[in-house]
Structures are given as C-alpha cells and as structure tokens.
Asks: 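Please find one structure pasted underneath; my questions will follow.
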Amino acid sequence: MPVRQVLRMGDARLLRRAEPVSHFGGEELLALLGDMRDTMQDMNGVGLAAPQIGVNLRVVIFDVRPPLTDREKSAARYPDAEAIPETVLINPVITRCGDGTEEAWEGCLSVPGLRGLVPRLRNIRYQGCDEYGALIDRTVSGFHARVVQHECDHLDGILYPMRMADMSRFGYQDVLFPSGEYPASE
Ligand code: NI
C-alpha cells in the first residue's frame, strides 16, 4: 500500500466536514486503511484521519506502542506516552464524561515541526465502528482521550491550533524543546 502525501495546514481540504461511511468491509475502504496505516507509520504518527490524505470520509486510525529500545524511543513522537491499542474508528461519536479538562502538548502530521499546548476533555466515551462494521464503545481518559479528540476533530475540519487557548504556547518543536526531549501529552 502506498504512503500517501499528508495535506498541510492551509489546504482547504483539511477544513471540510467529512462524510459518514455507509458501506463496511469493502475493498475500497480496506485499501484506504492500508494507505492510512502505511502513511502514519512512515511519518511516525500516533494517529491519522482520512481527510489528512485528502479522503473526505469519517475514518480515523490511531496506534501508540510503547517504544522498546532506546533507538525506538528517540524516534517516537511521544516517547513516554501510554500505549493505546491499534484502532480503526469510523463514524465516531464522542461524549463528554464530566467537566474535567487538561492541557498538554500536541503535534500534528498536518502541522509539521510545530507544537502547541491544547486544552482537551480529560474523560470521554467514544463510539463508532471498525472497518467491518463491528461496534466500538470505550470510555477512556488522559492521553488516549486526547488522541481520539484530536483525530476526530479532523473529521470536522478542526486542526489543533484552532483549539488552543493561549497562542503564546505555540511554536517550533526544536525551539520549545531544545533538548529534543519534549514532554509526552501527560
Ligand atoms: Ni492531526
């Protein structure tokens, strides 16, 4: 499956509301997910939404594996993040659980080289389907909740800088974190 070009902030296709998927398990959807996985892995991302490769469908993937070696750790975008199972989430619905919010640093493959401090709901429930139409229903918190909120925002044309409360906490990663050890989102 080919690695696809990731659209960057400024491209109007990132600002659209994506369309729901109505047919599950088809060749086209499976091929899209193959391309999304390869693209995310190639860029060392923790998540990717279909609109980021120009496909206007409500499909996101995310996958956070704990880095096993020092080499993997230095290559990871979020080296200290908790693991999140590899997930395909289609037509997602997010429900807030309580009023808790928290701020943490985020990056985005569509906003390369930059990081920003973003407030998010601390606890959420998310529901949707996998690529075969099987229901997914999870209640999560912290980094997992943050990743899901970030990816699902892409389906509504929202990039993380649009969620920031304080633009003075937005900048180039290598300037904000010159040691190269930027904090994970928790
Ligand atoms: Ni993103």
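For ligands, and for the atoms within them, numbers begin at 1 and follow the listed sequence.
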Asks: Is the Tyr126 to His144 ring centre distance short of 6.0 Å?
Replies: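 Ring centroids of Tyr126 and His144 are less than 6.0 Å from each other.
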
Asks: So Asp130 and Ile90, do their side chains get closer than 4.5 Å, heavy atoms only?
Replies: no

Asks: State which residue, out of Arg115, Arg146, Arg163, fulfils the side-chain hydrogen bond (donor to acceptor under 3.5 Å, both in side chains) condition with Glu106.
Replies: Arg146

Asks: What closest approach, in Å, do Met164 and Val118 show between heavy atoms, and which atom pair accounts for it?
Replies: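 Heavy atoms of Met164 and Val118 come nearest at CG-CG2, 4.0 Å.
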
Asks: Which heavy atom in Met9 sits nearest to a heavy atom in Leu14, and how many Å separate them?
Replies: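 Nearest pair, atom of Met9 first, then Leu14: N-CD1, 3.7 Å.
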
Asks: Under the criterion side-chain contact (heavy atoms from CB on, under 4.5 Å), I'd like the reasoning laid out for Arg125 against Thr139: C-alpha separation, chi angles, the key distance, then a yes or no.
Replies: CA-CA 4 Å; Arg125 176 184 184 189; Thr139 300; 3.8 Å; yes

Asks: For a distance under 2.8 Å, give residue and atom name for each protein N, O or S atom next to the Ni ion (ligand 1).
Replies: Cys108 SG, His150 NE2, His154 NE2

